[in-house]
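Have a look at the structure below, then the notes.
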Amino acid sequence: MLGLKFETETSWVNVASNGLEQLLTDHAFAEIKASGNATSIIINYSEETDLVKDMSDIAIEEMEHFRMVHDVMVDRGMVLGQATKNDYALNLQKFFPKVNDRKEALVHRLLVAALIEARSCERFKVFADNMEDEQLSKFYTDLMISEANHYTLFLAYARKYMKREVVDKKWNNLLAFEAEMMKNRGITAKVHG
């Protein structure tokens, strides 16, 4: 369904479980960054009324997810650590060249956001399906559904602003790039690590 070209190895679940506090900290900050990205899209494309409405919903939902992750941490006696750079997102953002055309720049941004959401969805599923902690399994199953919805929304908007065949070519190239990048990951307790 997600179209990803590389599947996360279940061995990542052990890495994530053994570094649960680090994983949850990374996840919490990823939710804040996702909210910030949606807010930034609103600021930069305020004339796109439908997009603004949907991005405001996503920004709010992502902050709610942050609170949920933080609550899980507090309930388990954990403390939110310091934010670290998300090299996964940074590398994806560098994939597309800088362009002067606002619509094309928006499409690139939407595609990167769609892929981040798709990979998060996939990681949450792998985590939920392969852990013994029933509470966390349910938590990540519920979040997985939300990530899938965000992924489809971002991709649909990208296809709205440019011809589908052009967008799909860009999307497939981005997927191939991300798949190569993911082959060297799965060794840190981070959502995209």
Original post:
Got a second to check how far Met63's CE is from Ile58's CD1, nearest 0.5 Å?
Top reply: 14.5 Å

Subject >> Worked verdict on Val52 versus Ile41 for side chain to side chain contact (heavy atoms under 4.5 Å, CB included) >> reply: CA-CA 8 Å; Val52 167; Ile41 290 172; over 6 Å; no

Subject >> Test ring-ring contact (aromatic ring centres under 6.0 Å, His included) applied to His27 and Phe124, step by step >> reply: CA-CA 10 Å; His27 180 185; Phe124 292 171; 4.8 Å; yes

**OP:** Kindly give the heavy-atom pair with the smallest separation between Ser137 and Ala128, and that separation in Å.
**Re:** OG-O, 2.7 Å

Original post:
Counting only heavy atoms not in Glu165, do more than 12 fall under 6.0 Å of its CD?
Top reply: yes

**OP:** Name all residues meeting the salt bridge (charged side-chain N to carboxylate O under 4.0 Å, His left out) criterion together with Glu180; count only those two or more places apart in sequence or in a different chain, and write none if there are none.
**Re:** Lys183

Subject >> Under 3.5 Å donor-acceptor, Tyr157 side chain and Leu111 backbone >> reply: no

Subject >> Heavy-atom side-chain proximity of His108 to Leu174 below 4.5 angstrom >> reply: no

**OP:** Please test Met181 against Asn91 for side chain to side chain contact (heavy atoms under 4.5 Å, CB included), starting from the C-alpha separation and ending with a verdict.
**Re:** CA-CA 9 Å; Met181 189 170 65; Asn91 285 330; 3.4 Å; yes

Original post:
Going by atom types only, do Tyr161 and Glu104 share a side-chain donor-acceptor pair under 3.5 Å?
Top reply: no

Original post:
So do Glu61 and His150 actually touch side chain to side chain, heavy atoms under 4.5 Å?
Top reply: yes

**OP:** Would you sort out whether Leu24 and Val72 count as a side chain to side chain contact (heavy atoms under 4.5 Å, CB included), showing the intermediate values?
**Re:** CA-CA 8 Å; Leu24 290 170; Val72 167; 4.2 Å; yes

Original post:
Side-chain contact, heavy-atom cut-off 4.5 Å: Lys190 with Thr84?
Top reply: yes

Original post:
How about Lys160 and Lys103: do any of their side-chain heavy atoms sit closer than 4.5 Å?
Top reply: no

Subject >> Test side chain to side chain contact (heavy atoms under 4.5 Å, CB included) applied to Lys53 and Asp57, step by step >> reply: CA-CA 6 Å; Lys53 287 179 181 177; Asp57 288 342; 5.6 Å; no

Original post:
Which heavy atom of Ala28 sits nearest a heavy atom of Phe66, and at what distance?
Top reply: O-CD1, 3.3 Å

Subject >> Option from Thr8, Val191, Asp133, Leu23 for which side-chain contact (heavy atoms from CB on, under 4.5 Å) with Phe127 holds >> reply: Leu23

Original post:
Should Met73 and Val79 count as side-chain neighbours, where that means a heavy-atom distance under 4.5 Å?
Top reply: no

**OP:** Check whether more than 12 heavy atoms from other residues, nucleotides or ligands sit under 6.0 Å from atom CZ of Arg67, and answer yes or no.
**Re:** no

Original post:
What residues, two or more places apart in sequence or in another chain, satisfy side-chain hydrogen bond (donor to acceptor under 3.5 Å, both in side chains) together with Lys125?
Top reply: Asp129

Original post:
Is a side-chain N or O of Tyr45 found less than 3.5 angstrom from the main chain of Leu51, in a donor-acceptor match?
Top reply: no

Original post:
If you group Ile, Leu, Val, Met, Phe, Trp and Tyr by side-chain heavy-atom gaps below 4.5 Å, do Val107 and Phe177 land in one group?
Top reply: yes

**OP:** Tell me, please, which residues at least two apart from Arg123 pass salt bridge (charged side-chain N to carboxylate O under 4.0 Å, His left out).
**Re:** none

Subject >> Cationic N near anionic O, under 4.0 Å, Lys5 to Glu178 >> reply: no

Subject >> Flag, side chain of Asn37 to backbone of Lys33, donor-acceptor distance under 3.5 Å >> reply: no

Original post:
About how many Å separate CG of Asn86 and CD1 of Ile116, when rounded to the nearest 0.5 Å?
Top reply: 6.5 Å

Original post:
For Gly81 and Phe29, which heavy atoms make the closest approach, and how far apart are they?
Top reply: O-CE1, 3.1 Å

Original post:
Got a donor-acceptor contact below 3.5 angstrom from the Asp26 side chain to the Gln22 backbone?
Top reply: no

Original post:
So do Arg109 and Ser40 actually touch side chain to side chain, heavy atoms under 4.5 Å?
Top reply: yes

Original post:
Taking a hydrophobic cluster as the set of Ile, Leu, Val, Met, Phe, Trp and Tyr residues connected by side-chain heavy atoms closer than 4.5 Å, whether directly or through intermediates, do Val167 and Leu106 fall within one such cluster?
Top reply: yes

**OP:** Quick one: pull up CG in Leu4 and CZ in Arg119 and give me the separation to the nearest 0.5 Å.
**Re:** 4.5 Å

**OP:** Identify the two heavy atoms, one from His192 and one from Arg185, that lie closest to each other, and give their separation to 0.1 Å.
**Re:** O-NE, 2.6 Å

Original post:
Between Leu115 and Leu92, what is the shortest heavy-atom contact and its length?
Top reply: CD2-CD2, 4.0 Å

**OP:** Would you check, one step at a time, whether the test salt bridge (Lys or Arg N to Asp or Glu O under 4.0 Å) holds for Lys138 with Asp142?
**Re:** CA-CA 6 Å; Lys138 179 176 179 353; Asp142 292 345; 2.9 Å; yes

Original post:
Which heavy atom of Trp171 sits nearest a heavy atom of Leu2, and at what distance?
Top reply: CZ2-O, 4.4 Å

Original post:
Take atom CD in Glu47; do more than 12 heavy atoms of anything else shown fall under 6.0 Å from it?
Top reply: yes

**OP:** Starting at CG of Asp54, measure out to CZ of Phe154 and round the result to the nearest 0.5 Å.
**Re:** 9.5 Å

Original post:
Are Leu143 and Tyr151 linked, directly or through other ILVMFWY residues, by side chains that come within less than 4.5 angstrom of each other?
Top reply: no

Subject >> Hphob cluster co-occupancy, Phe6 + Ile187, side-chain heavy atoms under 4.5 angstrom >> reply: no

Subject >> Any donor-acceptor N/O pair, Arg76 side chain to Asp71 backbone, under 3.5 Å >> reply: no

Original post:
Would you say the side chain of Leu136 lies within less than 4.5 Å of the side chain of Leu20, judging by non-hydrogen atoms?
Top reply: yes

Original post:
When rounded to the nearest 0.5 angstrom, what is the spacing between CD in Glu21 and OG1 in Thr25?
Top reply: 5.5 Å

**OP:** Look only at the side chain of Ser35 and the backbone of Glu31, and say whether a donor-acceptor pair between them is shorter than 3.5 Å.
**Re:** no

Original post:
Do the non-hydrogen side-chain atoms of Glu117 and Glu122 ever get within less than 4.5 Å of each other?
Top reply: no

Original post:
Just how far is it from atom CZ of Phe95 to atom CG of Leu175, taken to the nearest 0.5 Å?
Top reply: 9.5 Å

